[in-house]
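Note sheet for the following structure.
These numbers come from a predicted model, not from an experiment. All residue numbers in this chain count up from 1 along the given sequence.
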Amino acid sequence: MSAKYYKDNNGMIWFPSENEEETIWRYAGNPLFDMPKMDAFWHICNSAVAMVNGEYIGVFRCEDKTGKPDLFLGRSKNGAEWELETKEIVFYQKDGSRFVYPYAYDPRLIKIEDTYYVVFCADIEGPSIYIAQTKDFKRFEMLPTGFLPFNRNGVLFPEKINGKFVMLSRPSDAGNTPFGNIYISESPDLVHWGNHKLLMKNFYENSYWERIKIGAGPAPIKTDEGWLLIYHGVQGTCNGLVYSFGVALLDLDDPSKVKCRAKRYLMTPEKDYEVAGFTSNVIFPCGALTDEQGRVTIYYGAADTTMAMAFSTVDKLLAFVKKYSE
């Protein structure tokens with residue numbers, strides 16, 4: 001299955017697996033950041049990446065040594081070794097003033113036509129979804145807020161569908177939400193959102209790995225068979241919560257319809273940098289690159305401490321979601 005929609009990502013970082021039977025495999029150079037050696041930051045996690053003119057730009061969730069999370073730009077020549085700015089991104093409102101918030105986290109970076117959109121969560125009288133736009137990664141302009149608190153995990157589709165922008169989100173409460181399902185919404189202008197529909201519920205057919213809550217991950221990947229959605233699911237254990245990856249396939253023309261959804265997890269915390277850290281047993285996908293050959297590179301946060309990469313292909317993900325949805 002060719003992912004013919006993604007020529008801008010040709011030449012992206014990707015390595016094959018030594019085991020042809022694997023659906024998903026980790027980058028041998030994980031984790032991407034050696035946090036004890038970082039001067040400016042305590043944690044770098046849950047961040048999104050895009051390829052722009054053959055180079056990599058990322059919007060990173062970084063926490064400084066006070067523990068405050070904010071969003072910072074990063075650049076890379078090869079997709080693995082990153083230089084991060086130490087001044088947070090400044091988001092400007094329409095009147096030219098600075099958009100002010102206590103803290104921000106878990107960004108997604110999505111290109112639609114000739115504009116890049118940063119969708120992130122900021123806690124202003126409760127966590128909610130905010131959208132900024134840029135064309136040059138020098139000036140970021142806020143769009144009027146379209147979602148009420150409380151909401152998280154806002155993820156845009158990378159193109160309009162039937163003339164509308166489409167967003168996935170996870171309505172929540174004010175805290176570390178002990179519940180959560182994925183909803184889908186549409187908008188004519190990225191400001192006025194409506195036609196909200198429940199897309200996917202947690203605890204799908206007694207899948208305990210996602211019993212507590214689920215949330216969208218990277219922007220859905222367009223394929224000829226539908227939209228591949230990589231998402232996170234959360235299980236409750238005696239040792240606390242465990243965050244894993246799952247995968248579903250949405251209808252190409254009407255993504256509010258789920259064509260199939262794997263009952264088992266796609267990937268779960270197993271490596272030391274995923275199992276142990278600031279928040280143990282967390283893998284949290286926020287970014288994915290796909291090229292014309294259908295290769296997929298996933299950027300994910302590990303243990304709320306550092307970043308890592310995993311690889312797959314469109315064909316393997318499609319085969320996985322079909323096999324384990326039966």
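Using cut-offs of 30° and 60° on the angle between ring planes, the pair Trp25 and Trp14 is perpendicular. Ring geometry for Phe140 against Phe137 counts as perpendicular: the plane angle is over 60°, on a 0 to 90° scale with 30° as the lower cut. The aromatic rings of Trp193 and Phe147 sit tilted relative to each other, their planes meeting at an angle between 30° and 60°.
Looking only at atom types and distance, the side chain of Asn19 has no donor-acceptor partner in the side chain of Ser17 under 3.5 Å away. No side-chain N or O of Tyr265 forms a donor-acceptor pair with one of Gln235 less than 3.5 Å apart.
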Begin with the C-alpha distance, continue with both residues' side-chain angles, and end with the deciding distance and a verdict on side-chain contact (heavy atoms from CB on, under 4.5 Å) for Leu249 and Val258. CA-CA 6 Å; Leu249 184 67; Val258 180; over 6 Å; no
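Residues Phe91 and Tyr130 keep their aromatic ring centres 6.0 Å or farther apart. Outside the 6.0 Å centre-distance limit, the rings of Phe72 and Phe60 are not counted as a close aromatic pair.
Atom OG1 of Thr313 is separated from atom CG of Asp315 by 5.0 Å, given to the nearest 0.5 angstrom. Here the CG atom belonging to Asn181 is positioned 14.0 Å from the OH atom belonging to Tyr204, to the nearest 0.5 angstrom. Summarising the geometry, atom CD1 belonging to Ile298 is positioned 6.5 Å from atom CD1 belonging to Ile221; distances are rounded to the nearest 0.5 Å. Rounding to the nearest 0.5 Å gives a distance of 12.5 Å between CD of Glu63 and CE of Met38.
Taking the side chain as every heavy atom from C-beta outward, Asp64 and Asp70 never approach each other to under 4.5 Å. A 4.5 Å side-chain heavy-atom check between Tyr105 and Arg152 finds at least one atom pair inside the cut-off. Put simply, the side chain of Lys222 reaches to within 4.5 Å of the side chain of Tyr6, judged on heavy atoms.
Surrounding CG of Asn239 are at most 12 heavy atoms belonging to other residues, nucleotides or ligands under 6.0 Å away. Atom CG of Asp272 has 12 or fewer neighbouring heavy atoms from other residues, nucleotides or ligands inside a 6.0 Å radius.
A salt bridge links Asp291 with Arg295: the closest approach of a Lys/Arg side-chain nitrogen to an acidic carboxylate oxygen falls below 4.0 angstrom. A salt bridge is defined here as a Lys NZ or Arg NE, NH1 or NH2 lying under 4.0 Å from an Asp or Glu carboxylate O, and Glu274 with Arg26 meets this definition. With salt bridges taken as basic N to acidic carboxylate O contacts below 4.0 Å, none links Lys94 and Glu141.
A donor-acceptor pair under 3.5 Å links the side-chain atoms of Ser76 to the main chain of Glu81, judged by distance alone. Put simply, the side chain of Thr290 never gets that close to the backbone of Val296: no donor and acceptor are under 3.5 Å apart. Although no hydrogens or angles enter the test, the distance criterion places a donor-acceptor pair under 3.5 Å between the side chain of Thr305 and the main chain of Phe278. Put simply, the side chain of Thr177 never gets that close to the backbone of Phe179: no donor and acceptor are under 3.5 Å apart. Counting only distance, with no hydrogens or angles, the side chain of Thr134 and the backbone of Arg139 share a donor-acceptor pair below 3.5 Å. The backbone N or O of His196 lies less than 3.5 Å from no partner atom in the side chain of Ser185, so there is not a single donor-acceptor pair. For Tyr56 (side chain) and Ile13 (main-chain N/O), a donor-acceptor pair under 3.5 Å exists by modelled atom type. Under a 3.5 Å cut-off, the side chain of Ser187 and the backbone N or O of His192 do form a donor-acceptor pair.
A continuous path of ILVMFWY side-chain contacts below 4.5 Å connects Tyr324 to Leu318, so both sit in one hydrophobic cluster.
Taking His232 as the reference, Tyr243, Phe284 meet the ring-ring contact (aromatic ring centres under 6.0 Å, His included) condition, with sequence neighbours excluded. With sequence neighbours excluded, no residue satisfies salt bridge (charged side-chain N to carboxylate O under 4.0 Å, His left out) with Glu22.
Tested against Glu205, the residues Arg261, Arg211, Lys263 include a single salt bridge (charged side-chain N to carboxylate O under 4.0 Å, His left out) partner, Lys263.
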Review item, side-chain donor-acceptor pairs of residues 113-124, under 3.5 Å, at least two apart:
from   : atom 1 : to     : atom 2 : distance (Å)
Asp114 : OD2    : Lys135 : NZ     : 3.3
Asp123 : OD1    : Gly126 : N      : 3.2
Asp123 : OD2    : Tyr103 : OH     : 2.8

